[in-house]
Q: 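Sharing a structure, written as structure tokens. Questions coming.
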2 protein chains.
Amino acid sequence: MKSAVEPLKARRIYLLLRDRIVAGELPPGGRLPGEPALAAEHAVSRVTVRRALDLLEKEGLVQRKPGSGTFVHDSRSVRPIVADLSNVLSHLIDMGRSTDVKLLSFGYVAPSEAIADSLGLKPGERVQRSVRVRLIDGEPFSYLTTHVPEWLGLTYSEAELAARPLLELIERSGVKTERATQAINATLAGPEAAAALDLEIGSPLLTLTRIVYEPSGRGVEHLHALYRPDRYSFHMDLVRIGDDGERRWSPALGWPRAPNKTKADKAKTDKNKPGEKPTRGPRAIKQRS
Amino acid sequence: MKSAVEPLKARRIYLLLRDRIVAGELPPGGRLPGEPALAAEHAVSRVTVRRALDLLEKEGLVQRKPGSGTFVHDSRSVRPIVADLSNVLSHLIDMGRSTDVKLLSFGYVAPSEAIADSLGLKPGERVQRSVRVRLIDGEPFSYLTTHVPEWLGLTYSEAELAARPLLELIERSGVKTERATQAINATLAGPEAAAALDLEIGSPLLTLTRIVYEPSGRGVEHLHALYRPDRYSFHMDLVRIGDDGERRWSPALGWPRAPNKTKADKAKTDKNKPGEKPTRGPRAIKQRS
DNA sequence: CAAAGCTGTATTATCGATCATACAGGTTCC
DNA sequence: GGAACCTGTATGATCGATAATACAGCTTTG
């Protein structure tokens with residue numbers, strides 16, 4: 001009666017191996033078990049193992065050498081393409097200037113209930129909806145859907161939106177943006193986002209939903225962002241604050257955001273400053289084994 | 001030549017419909033197109049559409065009424081089981097006391113290179129590795145893998161770890177925890193995590209990797225957390241700081257940190273505070289059961 | 001050099017997912 | 001009540017994913 005819809009054995013093996021690699025169980029540069037061994041271990045055929053390895057290779061996690069074996073791609077160069085941001089999205093406005101943006105959709109529509117609700121619109125009010133893709137080095141990494149009230153959207157043109165950060169346009173119009181709330185989550189890539197981000201359909205995505213308010217408390221921008229997790233992630237530094245009973249983590253705000261100094265000073269902090277460093281990555285060191 | 005390994009048409013349709021629902025295109029409580037209509041629209045058979053709807057129903061996103069239709073489940077009660085945290089993980093220690101924890105694994109092992117690196121261990125040093133699952137109301141929502149240096153792990157017992165937050169145990173041992181860095185990302189559920197979190201294997205997960213340092217700069221805890229996105233998400237309030245040229249968002253620290261429930265209170269916030277909290281919604285007065 | 005192990009490739013067979021179709025039973029609306 | 005819709009269920013045919021096997025070519029090792 002039941003079939004459980006087991007979504008592809010190859011995918012299962014792929015995920016399992018991927019976990020082992022990112023968890024570090026398989027050392028970078030090391031060779032993982034041969035295809036026949038993997039097939040036996042997971043009770044599948046070698047063809048299926050092969051499909052899993054194909055996926056890993058396509059993502060740059062492993063490298064196959066005919067006659068020799070399959071190796072974990074040691075270069076961390078895959079990861080830190082886009083990363084870091086000490087406090088939240090602090091440098092997005094900068095990125096708006098240093099990255100390419102493709103405007104996929106632009107128009108005025110009737111808002112969904114969720115959008116109208118978050119922007120505090122009256123029934124009947126329309127919104128400007130835009131879909132953009134951000135690229136870095138020609139590779140897409142974020143898929144942005146924004147909604148702004150119609151009266152605000154009319155203060156700039158489609159061409160301007162394609163060229164400048166939305167928040168800049170909003171502030172240019174005279175609207176004050178003081179507060180915002182946001183939520184970070186995860187989902188699977190749907191058809192449109194997958195196509196725009198150059199991904200398979202079931203790929204995982206980081207989501208950011210942000211609502212920007214003007215001082216009066218009215219919402220002026222609803223942003224829904226999807227990020228490729230291999231090209232983007234949220235980094236932050238924390239400090240422990242509070243007294244005994246109520247100690248908790250808090251984002252470290254006043255942080256040396258200038259990439260230049262910091263490193264020079266503490267370069268000699270005894271033996272090593274563990275990797276996983278946010279700002280200015282460990283890739284500067286480039287030590288391998 | 002290639003077949004592209006299209007991972008299940010049913011999954012594609014499921015994702016597409018899910019996107020429409022969460023995006024609000026399909027109003028909560030509304031009826032979505034009939035199965036024959038959906039089948040025609042996406043050029044698949046009705047059986048396949050059915051499988052997609054099965055998935056949606058299992059997740060509580062839709063409700064099927066024989067003879068009537070399939071409806072978007074209006075109660076948002078599904079979503080905000082666990083949510084919010086104004087500044088990062090501020091209340092995790094509280095949650096450690098109000099939720100159940102299941103210890104799945106506990107032992108001392110040789111660290112992977114990545115772990116040893118982030119904790120600043122010397123070659124040969126061992127680490128304590130533990131895997132825990134956190135439940136709220138009996139439902140799992142997070143899967144935590146922690147690594148701490150052996151000398152630190154020996155200061156508490158397995159039973160203590162199962163009962164108290166790890167950070168509390170670390171601080172009890174006299175180690176000062178002042179700083180930490182963390183990264184938020186997304187992945188797909190592997191076999192172990194999927195089983196522990198009661199999910200399908202390819203499900204999306206929120207990840208949090210945090211490294212806690214003692215004042216000397218040595219790492220004392222490496223935490224890798226996986227969260228069910230439908231039961232957990234990171235919320236934060238932002239304020240805009242800086243002068244003209246360098247305006248950016250910054251986490252709002254001293255904020256009324258009780259966005260939690262209190263539906264009673266916020267009933268009077270009128271339109272001024274547009275909620276942002278998904279917990280609300282005009283017609284979604286909730287609720288079933 | 002030769003043996004052993006590996007990846008790359010092809011073949012055929014099997015099993016599950018999908019399709020197309022039909023029918024049963026409930027709901028809605030006229 | 002009855003027509004028109006809907007979901008629930010079953011059938012057999014078709015297509016893709018997987019299995020089992022075999023072989024070619026390369027690399028490593030002794």
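Chain A is the first sequence line, chain B the second, and so forth, proteins listed ahead of strands; every chain is numbered from 1. Side chains are part of it too, since the values below use all heavy atoms of this structure and drop only hydrogens, waters and symmetry mates.
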Q: Could you list the residues that satisfy side-chain contact (heavy atoms from CB on, under 4.5 Å) with A:T48, not counting sequence neighbours?
A: A:K9, A:A10, A:V44, A:S45
Q: B:R50: what forms a side-chain contact (heavy atoms from CB on, under 4.5 Å) with it, not counting sequence neighbours?
A: B:E35, B:R46, B:R64
Q: Tell me the interatomic distance from A:R31, atom CZ, to D:dT28, atom P, rounded to whole angstroms.
A: 11 Å
Q: Give the rounded distance in Å between these two atoms: CZ of B:R51 and C1' of C:dC19.
A: 12 Å
Q: Grab the CG-C1' distance between A:L55 and D:dA17 for me, whole Å please.
A: 13 Å
Q: With the side chain of B:A10 defined as its heavy atoms from C-beta on, choose the nearest nucleotide among C:dC19, D:dA19, C:dT18.
A: C:dT18
Q: Without decimals, in angstroms, what is the distance between A:L38 CG and C:dC6 C1'?
A: 12 Å
Q: Report yes if at least one side-chain N or O of A:K9 is closer than 4.0 Å to OP1 or OP2 of D:dA19; otherwise report no.
A: yes
Q: Only counting residues at least two apart or in another chain, list the ones meeting side-chain hydrogen bond (donor to acceptor under 3.5 Å, both in side chains) with A:Y14.
A: A:E59
Q: Let me have the donor-acceptor pairs involving side chains of residues 16-24 of chain A, under 3.5 Å, with sequence neighbours excluded, atom names and distances please.
A:
residue : atom : partner : partner atom : Å
A:R18   : NH2  : B:L188  : O            : 2.9
A:R20   : NH2  : A:E41   : OE2          : 3.3

Q: Restricting to side-chain contact (heavy atoms from CB on, under 4.5 Å), what partner residues turn up for A:P66, sequence neighbours left out?
A: none
Q: Return the set of residues passing side-chain contact (heavy atoms from CB on, under 4.5 Å) with B:S105 (not counting sequence neighbours), or none when no residue passes.
A: B:V131
Q: Between the protein and nucleotides 7-11 of chain D, are there any N/O to N/O pairs under 3.5 Å, and if so, what are the atom names and distances?
A:
residue : atom : partner : partner atom : Å
D:dT7   : OP1  : B:T70   : OG1          : 3.2
D:dT7   : OP2  : B:E35   : N            : 3.0
D:dT7   : O4'  : B:G67   : N            : 3.4
D:dG8   : OP2  : B:R50   : NH2          : 2.3
D:dG8   : OP2  : B:R64   : NH1          : 3.3
D:dG8   : O5'  : B:R50   : NH2          : 3.1
D:dG8   : N7   : B:R46   : NH2          : 3.4
D:dG8   : O6   : B:R46   : NH2          : 2.5
D:dT9   : O4   : B:R46   : NH2          : 3.0

Q: Restricting to salt bridge (charged side-chain N to carboxylate O under 4.0 Å, His left out), what partner residues turn up for B:R31, sequence neighbours left out?
A: none
Q: Taking the six-membered ring for Trp, are B:H222 and B:H147 parallel (under 30°), tilted (30 to 60°) or perpendicular (over 60°)?
A: perpendicular
Q: Between the two end axes of the helix from C:dC1-D:dG30 to C:dC30-D:dG1, each built from 5 base pairs, what angle do you get to the nearest 10°?
A: 40°
Q: Between D:dT18 atom C1' and A:H42 atom NE2, what is the distance in whole Å?
A: 16 Å
